[in-house]
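Let me begin by presenting the structure, written as structure tokens, before commenting on it.
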Amino acid sequence: FFPLSRSRTMSHRKFEAPRHGSLGFLPKKRARRVTGKIKTFPKDDASKPAHLTGFVGYKAGMTHILRDVDKPGSKLHKKESCEAVTLIETPPMIVVGIVGYAKTSTGLRAYN
């Protein structure tokens, strides 16, 4: 038999005081470079002419827009809908180099 005052003891910290902030933003330290880095490129299609494969953009924030929905059969057809949108800032780009590749028996080799 426990007195009523002691029956409600503290639970695990996870439930009493959940963490503040997302772990996705760790480690919290200064960036090594000012500009971002393109980490993946799309697969190249040899049938198309030479084209830009990467473009730098930064997520600047989010807002909302009102748009007319044009979806026949939907309840919102020809009505206004409020939707969330992401703002992406794209700084001006300057081409500083072009790389050409030659196919060899061991794979692709960059031209010098």
Side-chain angles (χ1 to χ4, degrees):
F1 176 116
F2 290 110
L4 288 177
S5 61
R6 291 192 52 158
S7 65
R8 286 206 31 128
T9 58
M10 263 182 93
S11 172
H12 193 270
R13 184 192 182 281
K14 178 167 128 180
F15 305 111
E16 294 297 326
R19 70 168 295 103
H20 306 293
S22 170
L23 290 173
F25 293 98
L26 290 179
K28 293 182 180 179
K29 62 181 185 179
R30 192 176 295 277
R32 275 183 274 176
R33 59 170 61 92
V34 177
T35 58
K37 187 166 107 176
I38 301 171
K39 294 178 184 168
T40 57
F41 290 91
K43 288 201 179 256
D44 193 32
D45 188 4
S47 63
K48 294 181 180 175
H51 60 281
L52 187 67
T53 55
F55 198 84
V56 179
Y58 305 98
K59 181 174 176 178
M62 291 190 76
T63 186
H64 63 278
I65 58 167
L66 280 175
R67 75 174 187 101
D68 293 323
V69 178
D70 187 26
K71 240 188 223 181
S74 170
K75 284 183 178 180
L76 295 174
H77 182 58
K78 292 190 176 178
K79 292 183 180 163
E80 278 192 346
S81 168
C82 183
E83 292 186 356
V85 292
T86 302
L87 301 175
I88 298 176
E89 239 175 63
T90 52
M93 278 183 37
I94 301 167
V95 177
V96 293
I98 297 175
V99 178
Y101 294 95
K103 192 175 267 189
T104 63
S105 59
T106 56
L108 292 177
R109 181 182 63 81
Y111 280 124
N112 293 344

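Each residue takes its place number in the sequence, starting with 1. These figures come from a predicted structure and were not determined experimentally.
Note on residues 26-35: no pairs pass salt bridge (Lys or Arg N to Asp or Glu O under 4.0 Å), not counting sequence neighbours. Each salt bridge (Lys or Arg N to Asp or Glu O under 4.0 Å) pair with one or both residues in residues 91-109, not counting sequence neighbours, would appear here, but there are none.
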May I have the list of side-chain donor-acceptor pairs in residues 67-75 shorter than 3.5 Å, sequence neighbours left out?
unit_1, atom_1, unit_2, atom_2, d
Arg67, NE, Glu83, OE1, 3.0
Arg67, NE, Glu83, OE2, 3.0
Arg67, NH2, Glu83, OE2, 3.1
Ser74, OG, Leu76, N, 3.2

Side-chain donor-acceptor pairs under 3.5 Å in residues 38-46, sequence neighbours left out?
unit_1, atom_1, unit_2, atom_2, d
Asp45, OD1, Ser47, N, 3.4
Asp45, OD1, Ser47, OG, 3.0
Asp45, OD2, Ser47, OG, 3.2

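Side-chain contacts under 4.5 Å among hydrophobic residues (ILVMFWY), followed directly or transitively, place Ile65 together with Val85. Under the 4.5 angstrom side-chain criterion for Ile, Leu, Val, Met, Phe, Trp and Tyr, the cluster partners of Leu108 are Val99, Tyr101. Apart from Leu23 itself, the hydrophobic cluster it occupies contains Leu26, where clustering links Ile, Leu, Val, Met, Phe, Trp and Tyr at side-chain heavy-atom distances under 4.5 Å.
The side-chain contact (heavy atoms from CB on, under 4.5 Å) search around Phe25 returns Ser22, not counting sequence neighbours. Listed by chain and residue number, Phe55, Ile88 satisfy the side-chain contact (heavy atoms from CB on, under 4.5 Å) test with Thr90 (two or more places apart in sequence, or in another chain). Take Thr63 and apply the side-chain hydrogen bond (donor to acceptor under 3.5 Å, both in side chains) test, not counting sequence neighbours, and it matches no residue.
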